[in-house]
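I have placed the structure first, in the form of structure tokens, so that the comments after it can refer back to it.
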Amino acid sequence: RDGIEAIVKRSRVTSVRDSAGSLVIPKEGDVLSASGTARAWVRKHLRPGARVEVRAELIVDPPLSFSADFIIGGGPQLVAAGKALSASESEQFSEDFSRNRHPRTAVGIRNDGHLVLVTVDGRQPKISVGMTIDELAALMLELGCVEALNLDGGGSTTMVIKGKVVNSPSDQTGERPVSDALLVFLRKKR
């Protein structure tokens with residue numbers, strides 16, 4: 001709610017706007033989003049024309065050795081090794097986020113290697129009120145997941161199959177424009 005975003009193109013700030021994470025990421029550019037105490041820093045230091053270098057670094061403690069083509073972030077982890085983790089994992093998130101019902105999006109994997117994608121509508125009393133994190137963890141277990149992760153939810157919860165929205169997004173305007181997605185494509189057999 002108190003967000004601010006700086007649009008960066010070719011390493012220069014082009015504009016700074018009060019926003020709640022909804023600006024379009026420009027080609028050859030970035031959107032730097034801040035809230036809370038970082039908001040004041042952005043307001044003070046990131047003016048149009050300012051030079052910006054955007055770097056990303058993954059710090060893992062203790063260090064791990066792995067390689068990946070893609071990495072997806074989310075949280076809390078819902079299921080690990082076939083057991084619900086939501087009680088301990090959700091302590092890192094606000095009580096409103098964890099204990100209140102919201103639209104949810106989750107991904108899981110079953111023992112047989114099948115991927116499970118779940119979209120739960122919410123904030124629409126005549127359609128669905130959503131789920132708590134504990135309820136979502138229980139659903140992922142019921143669907144046979146041995147590992148599962150909560151993804152971005154709320155108004156961003158949208159599932160599209162073959163180009164058609166198949167759920168009921170909670171925003172009054174319908175599908176929310178977001179800057180990321182989890183895409184699954186059918187691979188042709190060789």
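- The side-chain heavy atoms of Val107 and Cys145, taken from C-beta on, include no pair separated by under 4.5 Å.
- Contact annotation: the side chain of Val120 never approaches that of Thr157 to less than 4.5 Å [non-hydrogen atoms, C-beta and beyond].
- Side-chain contact check for Phe93 versus Asn150: every heavy-atom pair is 4.5 Å or farther apart.
- Counting heavy-atom neighbours within 6.0 Å of Arg12 CZ, excluding the residue itself, gives a total above 12.
- Screening Val160, Val165, Leu151, Asn167 for a side chain to side chain contact (heavy atoms under 4.5 Å, CB included) involving Thr119 leaves a single residue, Asn167.
- Classification of Glu135 and Arg101 as a salt-bridged pair holds, one side-chain N sitting under 4.0 Å from a carboxylate O.
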One pair to check against side chain to side chain donor-acceptor pair (under 3.5 Å): Gln124 and Ser168. What are the steps and the verdict? CA-CA 9 Å; Gln124 303 169 85; Ser168 181; 2.8 Å; yes

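- Between the side chain of Thr14 and the backbone N or O of Ile7, at least one donor-acceptor pair lies under 3.5 Å.
- One hydrophobic cluster, built from ILVMFWY side chains closer than 4.5 Å, holds both Val16 and Val54.
- Between Lys9 and Glu28 there is no salt bridge, since no side-chain N of the basic residue sits under 4.0 Å from a carboxylate O of the acidic one.
- A donor-acceptor pair is defined here as one N or O able to donate and one able to accept, closer than 3.5 Å; such a pair exists between the side chain of Glu147 and the backbone of Ala81.
- Looking at Ser128, its side chain does come within 3.5 Å of a backbone N or O of Asp121 through a donor-acceptor pair.
- Hydrophobic clustering (ILVMFWY, side-chain heavy atoms < 4.5 Å, transitive): Val116 and Val79 are in one cluster.
- Counting only distance, with no hydrogens or angles, the side chain of Ser98 and the backbone of Glu95 share no donor-acceptor pair below 3.5 Å.
- A heavy-atom distance below 4.5 Å is not found between the side chains of Val146 and Arg110.
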Test salt bridge (Lys or Arg N to Asp or Glu O under 4.0 Å) on Arg39 and Asp18; report intermediate values, then the result. CA-CA 9 Å; Arg39 176 187 169 76; Asp18 289 326; 2.8 Å; yes

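- A donor-acceptor contact shorter than 3.5 Å is absent between the side chain of Asp171 and the backbone of Thr173.
- In this structure, the side chains of Val118 and Thr105 stay at 4.5 Å or more apart for every pair of heavy atoms.
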For Met131 and His102: C-alpha separation, side-chain torsions, deciding distance, then whether side-chain contact (heavy atoms from CB on, under 4.5 Å) applies. CA-CA 6 Å; Met131 285 187 157; His102 296 287; over 6 Å; no

Please step through side-chain contact (heavy atoms from CB on, under 4.5 Å) for the pair Leu139 and Arg104, ending with a clear verdict. CA-CA 11 Å; Leu139 175 63; Arg104 305 282 183 183; over 6 Å; no

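- At a threshold of 4.0 Å, the pair Arg51-Glu53 does not count as salt-bridged, since none of the basic side-chain nitrogens sits closer than that to a carboxylate oxygen.
- In the displayed structure, His45 atom NE2 is contacted under 6.0 Å by more than 12 heavy atoms of other residues, nucleotides or ligands.
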side-chain contact (heavy atoms from CB on, under 4.5 Å) between Val52 and Leu32, worked out: CA-CA 10 Å; Val52 174; Leu32 305 178; 3.9 Å; yes

Let me see the working for Met159 and Leu182 under side-chain contact (heavy atoms from CB on, under 4.5 Å), right down to the final yes or no. CA-CA 10 Å; Met159 184 175 282; Leu182 174 60; over 6 Å; no

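- In the displayed structure, Asn111 atom CG is contacted under 6.0 Å by at most 12 heavy atoms of other residues, nucleotides or ligands.
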